[in-house]
Q: 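Sharing a structure with you now.
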Amino acid sequence: MSAFLHQRPLHNVQTDSYSIIPRSPNDYQKPSTIINRTTLLLLLILLVLLGVLFPWISIPKGLFSTNSKLSVSKWKDYTLAEAVASVAKNGTVIVCAVSQPYLPFLNNWLISIVRQKHQEKVLVIAEDYATLYMVNEKWPGHAVLVPPAPDSQTAHKFGSQGFFNFTSRRPRHLLQILELGYNVMYNDVDMVWLADPFPSLQGEHDVYFTDDMTAVKPLNHSHDLPPPGKKGRTYICSCMIYLRPTTGAKLVMKKWIEELQAQPWSKAKKSNDQPAFNWALNKTAGQVDLYLLPQAAFPTGGLYFKNQTWVQETKGMHVIIHNNYITGFEKKIKRFHDFGLWLVDDHALESPLGRLK
């Protein structure tokens, strides 16, 4: 090009009607088509990346259709024996039974157990499939459902037949765990742990339990089964029990099941599982090594929440607090709030389940 230009004048040079005008070195730039191609290539790569990643971003981890079906099938077929073997530590498992309406209480209870470093041995016995899948999605292996599942919409209503069906399943679950050879602690989830309960489980007794009476006992009270009350039986709480896999503990569970069958729910009686548990204890007392846990460590809600003088006198001794002697979700939550025991609002991330929606 340069040789050709030096042979002719630098002005008005015609070549096929196009003028050739000299350019400075700064005028020589890469053709715009190269820029366009580079831009198009970058856009194409971006579109490919978005096409690959977008479906993954929009679907929560673990919920792809194939994996989700496999996961649901896995937990639906998950057995109590498999679950206990998975979570038990040193031959011990902590269990609760929960239906979907009680999930906030489950989370509150779990936070308190995490603080005592015993959460890894917790097994949630789900009483509906929604609870089974939700817990295992967030905390794999820590929930199991023993079919058939009761109606989750009525199981939580105190005094209803659904509530009776819900609670009457408890001794069967506990007996099965004992038959598998494990120690088992049962808690209702309207409880909060303030300290580690295991040091209180002294000796090698068959069954450990708490008194549901509000009358104040001396600090050095007897650990024997209390005498029967006005109804001819004791008033032991069925919501906090510790069992060793002994013949005696299994006998109490079998007798509890028998008593529930003998005292079915009716509109007239509207019974629950606790009277049957007390009859089982009373009728097997001579054959089983029973142990009443200290009242100062395991107070009933009717004492802890209503006798502040006693609470101050026993300060530092409390281990597990039971929010009973009150019914209704909102009332229980308010009372926990009032006493600084509703933990989920500010400490949900301490729970293995995190913040529930």
Side-chain angles (χ1 to χ4, degrees), residues 94 96-116 118-119 122 124 127 131 152 154-160 162-164 166-167 170 185-197 200 209-217 235-241 270 272-274 277 293-351 353 355-357:
I94 302 166
C96 64
V98 181
S99 60
Q100 192 174 24
Y102 265 94
L103 287 176
F105 286 91
L106 170 64
N107 227 17
N108 198 66
W109 176 71
L110 281 174
I111 293 167
S112 72
I113 294 179
V114 167
R115 293 178 176 184
Q116 304 307 322
H118 284 292
Q119 72 276 13
V122 169
V124 176
E127 296 292 356
T131 300
S152 63
T154 59
H156 67 281
K157 295 178 182 177
F158 184 83
S160 68
F163 183 85
F164 177 81
F166 174 83
T167 57
R170 186 182 311 169
M185 176 183 285
Y186 175 83
N187 277 189
D188 272 3
V189 292
D190 59 344
M191 292 183 169
V192 169
W193 290 24
L194 299 183
D196 186 344
S200 299
F209 46 81
T210 63
D211 199 341
D212 216 12
M213 296 296 287
T214 60
V216 174
K217 300 178 185 292
Y235 203 62
I236 298 302
C237 186
S238 61
C239 306
M240 160 59 202
I241 309 169
K270 295 185 177 180
N272 58 69
D273 70 307
Q274 189 158 298
F277 178 58
L293 289 164
Q295 183 186 55
F298 302 88
T300 182
L303 177 59
Y304 182 85
F305 293 108
K306 296 184 179 182
N307 189 334
Q308 290 308 295
T309 299
W310 178 87
V311 169
Q312 290 303 313
E313 291 172 351
T314 56
K315 188 175 181 179
M317 302 181 189
H318 312 135
V319 176
I320 294 182
I321 306 303
H322 188 196
N323 196 357
N324 64 344
Y325 274 79
I326 191 171
T327 58
F329 286 12
E330 297 305 321
K331 290 180 180 178
K332 282 179 180 280
I333 291 173
K334 182 181 184 302
R335 187 158 75 173
F336 266 157
H337 261 299
D338 292 344
F339 284 79
L341 298 175
W342 189 247
L343 309 174
V344 292
D345 287 348
D346 299 324
H347 306 284
L349 296 182
E350 293 182 38
S351 167
L353 304 181
R355 193 174 300 280
L356 301 177
K357 294 180 180 180

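Just so we're clear, the structure is a prediction, and the values are computed from it rather than from any experiment.
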Q: After noting the C-alpha distance and the side-chain angles of T214 and T300, does the key distance pass the side-chain contact (heavy atoms from CB on, under 4.5 Å) rule?
A: CA-CA 7 Å; T214 60; T300 182; 4.0 Å; yes

Q: Apply side-chain contact (heavy atoms from CB on, under 4.5 Å) to residues W109 and V98 and explain how you reach the verdict.
A: CA-CA 12 Å; W109 176 71; V98 181; over 6 Å; no

Q: Nearest 0.5 Å, please: how far is NE2 in H347 from CG in N107?
A: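 Result: 12.5 Å between the selected atoms.
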
Q: Any chance you could measure C96, atom SG, to L110, atom CG, to the nearest 0.5 Å?
A: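 Rounded to the nearest 0.5 Å, the SG-CG separation comes to 6.5 Å.
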
Q: How long is the span from the CD1 atom in I320 to the CE atom in M240, to the nearest 0.5 Å?
A: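 Interatomic distance, I320 CD1 to M240 CE, rounded to 0.5 Å: 4.5 Å.
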
Q: Say you draw a straight line from NZ of K334 to CD1 of I326; how long is it, rounded to the nearest 0.5 Å?
A: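 Nearest 0.5 Å value for the NZ-CD1 distance: 8.5 Å.
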
Q: Can you give me the closest heavy-atom contact between P299 and I321, atom names plus distance?
A: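 Looks like CG-CD1, 3.8 Å.
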
Q: Is it the case that the side chains of N323 and Y325 hold a donor-acceptor pair, with the cut-off being a distance below 3.5 Å and no angle test?
A: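 No - no donor-acceptor pair under 3.5 Å links their side chains.
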
Q: What are the two closest heavy atoms between F329 and P101, and how far apart are they?
A: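 For F329 and P101, the tightest heavy-atom pair comes out as CE2-O, 3.2 Å.
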
Q: Hey, is the main chain of Q116 close enough, under 3.5 Å, to the side chain of D196 for a donor-acceptor pair?
A: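 No; zero donor-acceptor contacts below 3.5 Å.
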
Q: Closest heavy-atom contact between D345 and H337?
A: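 That closest heavy-atom pairing would be OD2-CE1, 3.0 Å.
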
Q: Would you say S351 and V344 make side-chain contact, with heavy atoms under 4.5 Å?
A: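 Sidechains of V344 and S351: no contact.
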
Q: Is it the case that the side chain of R335 and the backbone of L341 share a donor-acceptor pair, with hydrogens and angles ignored and the cut-off at 3.5 Å?
A: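 Not a single qualifying donor-acceptor pair exists.
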
Q: Can a donor-acceptor pair be found, under 3.5 Å and without considering hydrogens, that links the side chain of R170 to the backbone of Y186?
A: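 No, because the side chain of R170 does not come within donor-acceptor range (under 3.5 Å) of the backbone of Y186.
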
Q: Report the distance from atom CD1 of I333 to atom CD of E330, rounding to the nearest 0.5 Å.
A: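 It comes to 5.0 Å.
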
Q: Roughly how far, to the nearest 0.5 Å, is CD1 of I113 from CD of E350?
A: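 Going from CD on E350 over to CD1 on I113, the span is 13.0 Å.
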
Q: Given H322, which partner from the list N187, D190, D212 fulfils the side-chain hydrogen bond (donor to acceptor under 3.5 Å, both in side chains) test?
A: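 Considering N187, D190, D212, a side-chain hydrogen bond (donor to acceptor under 3.5 Å, both in side chains) with H322 is found only for D190.
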
Q: What pair of heavy atoms forms the shortest contact from V319 to S200, and how long is it?
A: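 The answer is CG2-OG, 4.3 Å.
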
Q: Main chain of S99, side chain of E127: is a donor-acceptor contact present, judged purely on distance under 3.5 Å?
A: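 No: the side chain of E127 does not pair with the backbone of S99.
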
Q: Please work out whether the ring planes of F105 and F336 are parallel, tilted or perpendicular, with thresholds of 30° and 60°.
A: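 Geometry flag for F336 against F105: tilted rings.
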
Q: What do you reckon, is CE of M213 surrounded by more than 12 foreign heavy atoms closer than 6.0 Å?
A: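 Check fails, neighbour count at 12 or below.
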
Q: Assert yes or no for the condition that the ring centre distance of W310 to H318 is strictly below 6.0 Å.
A: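 Centroid separation for W310 and H318: below 6.0 Å.
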
Q: Look at atom CD of Q308 and say whether more than 12 heavy atoms of other residues, nucleotides or ligands are closer to it than 6.0 Å.
A: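 Yes, the 6.0 Å shell around CD holds more than 12 heavy atoms from other groups.
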
Q: Using a 3.5 Å distance criterion without hydrogens, assess whether the side chain of Q274 forms a donor-acceptor pair with backbone atoms of C239.
A: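 No, Q274 side chain to C239 backbone: no donor-acceptor pair under 3.5 Å.
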
Q: Looking only at non-hydrogen atoms, find the nearest pair between A296 and T314 and report the distance.
A: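 Heavy-atom minimum between the residues: CB-CG2, 4.2 Å.
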
